[in-house]
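Written below as structure tokens is the structure these notes are about.
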Amino acid sequence: MHEDRGPSTRGRHGRLSRAAIALGLVLVACAAVLLWQHRTAAPMYRYVLGQAVPESDLGALTAFSQRKLTVRRASVVEAEGDQALADLMIAESASGPVLLNWQARVDDPFITLAVSPQDVASLAEVLERHVPKDARLFAWWDVSRQFRLLSSVNVQFAEHLGLPLFVPAHWGSQRAGVQAIENAFWNGGNAQAADAPQRFQRFADALLMPEAEGMAALQALAEGRTAVLVLHLRDLILLGQMAPDKLGVAFQDFGAMADVHGMVRRVHAWLDQHKYPAYGILQAKGQPVRAVALTDAASGQTLAARLLPLMGNDQKDVPGATLVYQVGGFSVFEIAPAPVTAAAAPSQGGSQP
């Protein structure tokens, strides 16, 4: 006769084993989450300062040492390891480090996208000679900081704003961490004007507007003062990063300009393949030729695209802006004051209704 004694010892042990395994998996998952949170909270990279650059090695940056500024090499290095992600040069100033040159060692653009120091130094000398001291100079914040060091022009954006940031896709969830690293290095303990980002955003918004609307917004920023606008072809890439819905931009590097005709063929093949309607060419000393293209016709109607020399785009002058100088990728414009409307004009008669 079979005597029922309830569940067997083997059955109880089996259920206990399964429960233990399940609990172990939960603990492993929790540990993985905690480890991931720790890793994502940790800095992804760090800035490492190098030696001051001797004046004999400065080249185009000699203008900074002539202003009694120390130019120093630096690098961006992975937080865990010694792999260099970018090489840069900075000028040490009373308001903190000022970026002079940036060369990414990974896919470009990485964090930022700088202008050739040769272009900046050449233009700063011209601005010092020809821009009136009371004129307001509008340019991207990073070159504005360099112009302030090299001249007495009245730049409107003198702080490191870090706009836009080119964050690698695999760091996409850690953008706030990248911003914290950038702010700590470039701004340190220096307090930033509370309205600085908003003022610069108004400038960027004006460049992204249709030309007439954008010019009116730019004139409003000048507040009736004489204004000079400095744009670089690179600025299109930055604006496209900030507002891709308003300005479609693509760019491609094509190597050195050793074979001019071959270079032209490759650039046009790229443009034809993607049906890009307009483009410009950037060529900095020691750097590959870079083609910057608009991806659609509507982007060509923005104020920035209308002002910059883009082949294939409308070449008519923009009312209110007078081109006065070009060097490298820079174009410099005088901005006319906003027209006085009839309603705003003072009364010519002395009679009262």
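All heavy atoms count here, side chains included; hydrogens, waters and symmetry mates do not. Computed from a predicted structure; not experimentally measured.
Residue Gly248 comes nearest to Ser299 through the heavy atom pair N-OG, 2.8 Å, listed as atom of the first residue, atom of the second, then distance.
In this model, a donor atom of one side chain and an acceptor atom of the other lie less than 3.5 Å apart for Gln201 and Asp205. Side-chain atoms of Arg148 and Ser95 include a donor-acceptor pair closer than 3.5 Å. For Tyr47 and Trp186, the side-chain atoms include at least one donor-acceptor pair closer than 3.5 Å. In the model, Gln326 has a side-chain atom that pairs as donor or acceptor with a side-chain atom of Ser331 under 3.5 Å. Side-chain contact annotation: Ser144 with Gln156, donor-acceptor N/O pair under 3.5 Å absent.
With hydrophobic clusters built from ILVMFWY side chains whose heavy atoms lie under 4.5 angstrom apart, Met215 shares a cluster with Leu308. Both Val143 and Leu161 are assigned to one and the same hydrophobic cluster, defined by single-linkage of ILVMFWY side chains at heavy-atom distances under 4.5 Å. Hydrophobic clustering keeps Leu207 apart from Met209 (ILVMFWY residues linked when any side-chain heavy atoms are closer than 4.5 Å, directly or through intermediates).
Around atom CD of Gln51, no more than 12 heavy atoms belonging to other residues, nucleotides or ligands sit under 6.0 Å away. Heavy-atom contacts from other residues, nucleotides or ligands closer than 6.0 Å to CD of Gln241 number more than 12. A 6.0 Å sphere centred on CZ of Arg67 holds more than 12 heavy atoms belonging to other residues, nucleotides or ligands. Crowding of His261 atom NE2: a count of heavy atoms from other residues, nucleotides or ligands under 6.0 Å not exceeding 12.
Asp235 contributes a side-chain N or O that, together with a main-chain N or O of His232, makes up a donor-acceptor pair within less than 3.5 Å. The backbone N or O of Ile90 sits nowhere less than 3.5 Å from a side-chain atom of Arg72 that would complete a donor-acceptor pair. Ser75 contributes no side-chain N or O that, together with a main-chain N or O of Val77, makes up a donor-acceptor pair within less than 3.5 Å.
Between Tyr279 and His268, the distance separating the two ring centers is shorter than 6.0 angstrom. Centroid-to-centroid, the aromatic rings of Trp171 and Phe166 stay 6.0 Å apart or farther. Aromatic pair Phe157/Trp140: centroids not less than 6.0 angstrom apart. You'll find the ring centres of Trp141 and Phe203 outside the 6.0 Å limit.
Side-chain contact between Phe254 and Pro288 is absent, with no heavy-atom pair separated by less than 4.5 Å. For the pair Asn154 and Asp134, the minimum side-chain heavy-atom distance is 4.5 Å or more.
Between Glu223 and Arg136 there is a salt bridge, with a side-chain nitrogen of the basic residue lying less than 4.0 Å from a carboxylate oxygen of the acidic one. Using a 4.0 Å cut-off between charged nitrogen and carboxylate oxygen, Arg73 and Asp87 do not count as a salt-bridge pair. We find that Asp119 and Arg234 are not joined by a salt bridge, their nearest charged nitrogen and carboxylate oxygen being 4.0 Å or further apart. Salt bridge Asp317/Arg306: absent, no basic N to carboxylate O contact under 4.0 Å.
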ask   = Which is it for Thr62 and Glu55 under the side-chain hydrogen bond (donor to acceptor under 3.5 Å, both in side chains) test, yes or no, and what are the steps along the way?
value = CA-CA 6 Å; Thr62 301; Glu55 186 168 353; 5.5 Å; no
task = Just do the salt bridge (charged side-chain N to carboxylate O under 4.0 Å, His left out) check on Asp195 and Arg202 with the steps written out, would you?
result = CA-CA 11 Å; Asp195 66 339; Arg202 287 178 60 197; over 6 Å; no
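Rounded to the nearest 0.5 Å, atoms CD1 (Ile335) and CG (Leu218) are 5.0 Å apart.
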